[in-house]
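Small disclaimer: the values here were computed from a predicted structure and weren't measured. All chains are named by letter (A, B, ...) in the order of the sequence lines, taking the proteins before the strands, and each is independently numbered beginning at 1.
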2 protein chains.
Amino acid sequence: MIQRRYSRQRELIYNCLLGTKEHPTAEMVYQWLLPENPNLSRGTVYRNLKLLAEEGLLLRMPFPVERYDACTEQHTHFCCRSCGAVSDLELEYDPELDQRVARSSQLEIQWHDLVFYGTCKECIDKKNSNQEEHSLQKEEG
Amino acid sequence: MIQRRYSRQRELIYNCLLGTKEHPTAEMVYQWLLPENPNLSRGTVYRNLKLLAEEGLLLRMPFPVERYDACTEQHTHFCCRSCGAVSDLELEYDPELDQRVARSSQLEIQWHDLVFYGTCKECIDKKNSNQEEHSLQKEEG
DNA sequence: CTGCATGCAAATAGTTTGCAGTAGC
DNA sequence: GCTACTGCAAACTATTTGCATGCAG
């Protein structure tokens, strides 16, 4: 394995992930850090996120756009189909499932992802108020 | 909603999905159909896969590369971290889970994805035979 | 010093889209 | 004949990579 070396950028990026529950994309991390670090480059953000995930410090989530999570304990996620935001759910992770699947197949199971899809509260509210607007316009027209 | 019209290409693409359990990517579908349909274009494949998924005839799976599945009944998947292949698992889908999460949150849940990650039999075998080669070389050297 | 890490820009992969021509209904 | 659908190519988004330089150990 390659000998890692300290870097201010890597620390910044990792702290950024530790300080949020938003499961950000590489681009989000870049945009958050840019104002205070005008020389930071996208390449560095991508490289370090990938590296931290390989080292097990971050979880990598293959949504249409790659997202990262500093919580390395497995847990379940919710993804809003309307705004794309990803959040954590309280539902406990069941490691027994992995063993069950491994036993009944020829496969070596490392972990599983459980992701719920639907609409988040914000988007439900937004949709409702849009509909109200529309019916108002109809009444006015 | 837009009035759909029959198209030979769309039928080809849909049949292609019905006839496989491989959860192919758009590119795979394109390459399979190309020999018999030299005029087919990637754009058409992408457009129709997206359209069929919107109509509920296909499942769209957001792996690092978008994959599609003609089985619209929810079921669990296995993804090999080594070769990237995606296959079905016997594990039953539990709709009760969706209701449980919906009740304990402010969220509207539509479905959930359960995906197991690990190594498939082929890749385990490949890894083992590679290791044997290496130790052989050591002994020879 | 050594060589890992960075910034930058170019390259790549996957996917979408604009447009002119084709073909269902 | 109307207009959805196609092929083609260009555009776009997300991500990776090559290279010269910077900096940790």
Side-chain angles (χ1 to χ4, degrees), chain A residues 1-17 22-55 57-69 79 81 83-86, chain B residues 1-17 22-55 57-69 79 81 83-86:
Chain A
M1 201 178 175
I2 302 157
Q3 175 65 32
R4 295 275 163 244
R5 197 170 282 185
Y6 171 86
S7 100
R8 205 181 67 87
Q9 288 87 334
R10 179 143 64 240
E11 179 158 53
L12 274 172
I13 291 166
Y14 185 46
N15 282 335
C16 191
L17 266 288
E22 280 198 49
H23 310 74
T25 63
E27 182 66 22
M28 286 163 80
V29 172
Y30 175 66
Q31 294 298 341
W32 286 342
L33 295 175
L34 196 58
E36 311 255 300
N37 308 272
N39 292 328
L40 184 66
S41 89
R42 269 192 189 75
T44 300
V45 175
Y46 276 97
R47 261 190 292 241
N48 279 303
L49 286 173
K50 198 176 171 182
L51 196 152
L52 289 164
E54 278 164 11
E55 288 182 353
L57 292 171
L58 298 180
L59 237 57
R60 200 178 196 186
M61 303 189 291
F63 286 101
V65 179
E66 220 55 69
R67 285 170 174 272
Y68 293 87
D69 186 347
C79 175
R81 293 183 68 209
C83 67
V86 175
Chain B
M1 201 179 174
I2 303 157
Q3 175 65 34
R4 293 276 163 242
R5 197 171 281 184
Y6 170 86
S7 101
R8 206 182 67 87
Q9 288 87 336
R10 179 143 64 239
E11 179 160 52
L12 274 172
I13 292 165
Y14 185 46
N15 282 336
C16 192
L17 266 288
E22 280 197 50
H23 311 73
T25 63
E27 183 64 22
M28 288 163 80
V29 172
Y30 175 66
Q31 294 299 342
W32 287 341
L33 295 176
L34 196 57
E36 312 253 300
N37 309 271
N39 291 327
L40 184 66
S41 89
R42 269 194 189 75
T44 300
V45 175
Y46 276 97
R47 261 190 290 241
N48 279 304
L49 285 174
K50 199 176 171 183
L51 195 152
L52 288 163
E54 279 165 11
E55 289 183 351
L57 292 172
L58 299 180
L59 237 59
R60 200 179 196 185
M61 303 188 293
F63 286 100
V65 179
E66 216 63 64
R67 286 171 174 270
Y68 292 87
D69 187 347
C79 175
R81 292 183 69 208
C83 68
V86 175

Once you round it to whole Å, what is the distance between P of D:dG25 and CD of A:Q3?
9 Å
Comparing B:R10 with B:R42, nearest DNA chain D nucleotide closer to 5' gives the residue B:R10
Per atom distances to the B:Y6 side chain, the nearest of C:dG24, D:dT15, C:dT6 is C:dG24
Report the distance from atom CG of A:L33 to atom P of C:dT6, rounded to the nearest whole Å.
12 Å
Any side-chain heavy atom of A:R4 within less than 4.5 Å of one from A:L51?
yes
Between A:Y68 and A:L59, is there a side-chain heavy-atom distance shorter than 4.5 Å?
no
Options C:dT15, C:dG7, D:dT15, nucleotide nearest the side-chain atoms of B:E66
C:dT15
Min side-chain heavy-atom separation B:E22-B:W32 under 4.5 Å:
yes
Starting at CD of A:E27 and ending at C1' of D:dT13, how long is that distance when rounded to a whole Å?
10 Å
Nearest to the A:S7 side chain among D:dC5, C:dT6, D:dT15, which nucleotide is it?
C:dT6
Close side-chain approach of B:L58 and B:Y14, heavy atoms under 4.5 Å
yes
Looking at C:dA5, D:dT16, D:dG7, which one has an atom nearest to any side-chain atom of B:T44?
D:dG7
Mind calculating the distance between CG (B:N39) and C1' (C:dA23) to the nearest angstrom?
14 Å
By the salt bridge (Lys or Arg N to Asp or Glu O under 4.0 Å) test, which pairs, at least two apart or in different chains, include something from residues 59-69 of chain B?
B:R60-B:E66
What's the closest nucleotide to the A:A26 side chain, out of D:dT6, C:dT15, D:dT15?
D:dT15
For DNA chain C, whose closest nucleotide is more 5', that of B:Y68 or that of A:R8?
A:R8
Could you tell me the separation between the CG atom of B:N48 and the C1' atom of D:dG7, rounded to a whole number of Å?
13 Å
Decide yes or no for A:R8 and A:N37: does some side-chain heavy atom of the first lie under 4.5 Å from some side-chain heavy atom of the second?
yes
Between C:dG14 (P) and B:F63 (CZ): distance, integer Å:
15 Å
Taking atom types as they are modelled, would you say the side chain of B:R5 forms a donor-acceptor pair with the base of D:dT3 within the 3.5 Å cutoff?
yes
Reading DNA chain C from 5' onward, which residue's closest nucleotide shows up sooner: A:G43 or B:K50?
A:G43
If you look at every strand shown and take non-hydrogen atoms under 4.0 Å, does B:R67 touch a base, only sugar-phosphate, or nothing?
nothing
Candidates C:dA5, C:dG14, C:dC8 - which lies nearest the side chain of A:S41
C:dC8
Student check: side-chain heavy atoms of A:L40 and A:L12 closer than 4.5 Å
no
Identify which nucleotide among C:dT16, C:dC19, D:dT17 has an atom closest to any side-chain atom of A:R47, counting heavy atoms from C-beta outward.
D:dT17
Is A:Y46 near enough to D:dT15 that one of its side-chain N or O atoms lies under 4.0 angstrom from OP1 or OP2?
yes
Distance check needed: C:dC4 P versus A:E55 CD, whole Å only.
14 Å
For the helix from C:dC1-D:dG25 to C:dC25-D:dG1, what angle lies between the axis at the first five pairs and the axis at the last five pairs, to 10 degrees?
30°
Answer yes or no: is there a donor N or O on one side and an acceptor on the other, between the side chain of A:R47 and the main chain of A:R42, under 3.5 Å?
no
Without decimals, in angstroms, what is the distance between A:R4 CZ and C:dG3 P?
16 Å
